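I have placed the structure first, in the form of structure tokens, so that the comments after it can refer back to it.
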Amino acid sequence: MSLFDKYINKLKKQKLADEAVYIVTEDSVSIYGGDVSAELMHTANELKAYCLLYIRPSEPFMTALEKAAEGGEFAPNDSETRTFLHTVPVADDFADVSQALKRRKAVFVRGHGIVTAAPFGAEQAFIFASSVLFSGFVKFFSDTGEAALLGKSCDTESALRLLAEYIENFHHTELPELDRDILLSDESILSSMAQAGRATVELGLVDSFFGNISVCHDKNIYISRTGSSLDELEYEIDICPTDESTCTGLTASSELASHRKIYETPGKQVILHAHPRFSVIMSMICVEDCENRGKCHYACIKKRYVGSSPIVPGEVGNGPRAMVNTLPSAMRDNDSVTVYGHGVFTVSASDFNDALRLLTETETAALNEYQSILLASQTSTRSPR
Ligand SMILES: [Zn+2]
Ligand SMILES: [Zn+2]
């Protein structure tokens with residue numbers, strides 16, 4: 001199977017796209033995944049970007065994207081968008097795509113879906129497309145949730161309908177039974193990590209290229225490599241000594257420093273980190289007259305929670321605003337912590353079963369809280385004053 005087919009299958013298996021087509025322009029043109037419209041073909045020829053991916057998102061993602069795109073180019077304040085996309089340009093038809101793709105990695109085309117150009121191939125295009133999908137979804141729901149909470153007019157009806165559809169098709173609460181006694185050997189640790197990573201992606205708690213996972217055992221940290229797919233971790237795990245500030249390879253997750261600090265507290269054995277959509281959305285709804293509004297992703301001062309998971313600010317990377325300075329201390333007393341606009345970290349003292357359960361519970365709490373905000377705003381706008 002080609003890499004192109006592999007990523008088309010992933011998008012379909014995770015039910016993220018109804019259609020997914022790659023156009024590869026080398027000496028000749030190859031098409032994977034279905035038929036391509038003449039306009040899209042024209043765009044591919046014009047751009048000569050090597051690899052073009054078009055996806056038509058499934059519902060409720062497509063409608064959420066349409067709504068996020070109503071005002072044109074959009075940029076929610078989540079970490080995936082800030083890191084990978086900056087902004088998502090919006091086009092009215094395929095004719096405007098090549099212009100937009102000259103300055104951005106991906107574009108949303110109204111009525112059609114996402115087009116992304118990737119010089120490095122299938123995997124890169126897949127990452128960009130799934131980031132846009134995430135970005136538009138987060139944008140629509142976080143804006144609507146915030147407006148509802150502030151009593152501003154917003155599309156509560158659509159949000160509730162899309163939310164119900166999302167819960168029905170994408171929110172899973174039945175958890176698989178993961179390996180126990182994982183610390184018997186290197187082999188058992190590595191296979192338990194691969195298993196937990198796959199389960200996290202299959203449960204829809206993260207798109208495969210994001211998130212990370214680790215185990216601490218016998219003065220070593222076993223951690224997924226940066227840029228690895230969480231559902232294909234078999235050969236993508238580094239083993240780093242706990243007492244060294246760096247790991248020999250440069251491949252270990254960029255979040256190794258945070259993991260190492262979390263493990264300084266005794267009784268923490270495994271860490272699972274994912275980007276569950278509604279935990280991210282709820283973490284971004286900070287309306288309590290926060291002094292640092294606009295800077296909440298690194299300097300929020302409000303004490304807020306998703307369920308019982310405290311929300312902390314913190315950026316990706318190693319700078320003074322990085323989560324390595326906020327997350328580990330919050331994890332000392334909590335087994336689940338949510339980083340503003342980014343995702344959830346959970347820990348467990350044994351295997352991945354508890355960590356996965358906590359992740360799912362945090363996301364369930366986020367969904368419930370979100371739904372209550374919308375329902376409360378509906379009642380308050382309907383009741384006579
Ligand atoms: Zn992350
Ligand atoms: Zn804030």
Side-chain angles (χ1 to χ4, degrees), residues 76-85 127 130-131 133-135 137-138 142-143 145-146 149-150 193 196-197 200-201 203-214 223-231 233 236 252-262 270-306 309-319 321-328 330-331 336-347 355-356 358-359 362-363 366:
N77 197 22
D78 68 286
S79 145
E80 280 189 30
T81 311
R82 269 185 275 119
T83 313
F84 283 87
L85 303 166
I127 298 173
S130 57
S131 274
L133 197 91
F134 184 84
S135 175
F137 191 82
V138 166
S142 57
D143 284 0
E146 183 172 305
L149 205 56
L150 290 171
M193 290 175 71
T200 310
V201 173
L203 289 167
L205 296 166
V206 72
D207 291 328
S208 57
F209 276 89
F210 298 97
N212 45 59
I213 185 169
S214 73
I223 187 164
S224 56
R225 289 184 182 151
T226 186
S228 58
S229 311
L230 226 50
D231 55 347
L233 281 183
E236 297 286 336
S253 169
S254 51
E255 280 154 25
L256 174 62
S258 294
H259 287 237
R260 178 176 280 127
K261 262 190 159 177
I262 292 168
V270 311
I271 298 173
L272 193 52
H273 164 51
H275 298 180
R277 297 183 182 94
F278 278 88
S279 303
V280 173
I281 289 163
M282 281 307 297
S283 77
M284 290 169 62
I285 302 181
C286 178
V287 293
E288 307 163 66
D289 56 10
C290 180
E291 270 173 48
N292 284 340
R293 260 176 90 78
K295 295 186 270 184
C296 289
H297 62 287
Y298 62 88
C300 191
I301 48 160
K302 290 287 171 185
K303 225 178 158 52
R304 297 186 299 121
Y305 294 84
V306 176
S309 175
I311 300 168
V312 298
E315 289 182 331
V316 177
N318 296 310
R321 303 163 170 185
M323 65 179 141
V324 67
N325 302 311
T326 54
L327 172 69
M331 293 224 79
S336 170
V337 172
T338 302
V339 178
Y340 177 102
H342 180 155
V344 181
F345 289 77
T346 59
V347 293
L356 188 65
L358 282 169
L359 203 59
T362 304
E363 180 66 352

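When a residue number appears, it is its place in the shown sequence, counting from 1. Just follow the structure's listing: the first ligand is 1, and inside any ligand the first atom is 1. Since the model is a prediction, treat every value here as computed from it, not as a measurement.
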**Study point:** Opening angle between NE2 in H273 and NE2 in H275, taken at the Zn ion (ligand 1), to 10 degrees
**Key:** 100°
Exercise for review: Please say which of V312, D78, I311 ends up in a side chain to side chain contact (heavy atoms under 4.5 Å, CB included) with S283.
Suggested key: I311
Practice item. Kindly assign one of parallel, tilted or perpendicular to the pair H275 and F134, based on the angle between their ring planes and the thresholds 30° and 60°. Key: tilted
Check your understanding: What's within reach of the Zn ion (ligand 2), meaning protein N/O/S atoms under 2.8 Å?
Key -> C286 SG, C290 SG, C296 SG, C300 SG
Check your understanding: Can you tell me if E363 uses its side chain to pair, donor with acceptor, with the backbone of S279 under 3.5 Å?
Key -> yes
Exercise for review: Just say parallel, tilted or perpendicular for the rings of F345 and H273, cut-offs at 30° and 60°.
Suggested key: parallel
Check your understanding: When S79 is tested against each of V316, V280, V339 for side chain to side chain contact (heavy atoms under 4.5 Å, CB included), which residue passes?
Key -> V316
Check your understanding: Can you tell me if S214 uses its side chain to pair, donor with acceptor, with the backbone of I223 under 3.5 Å?
Key -> no
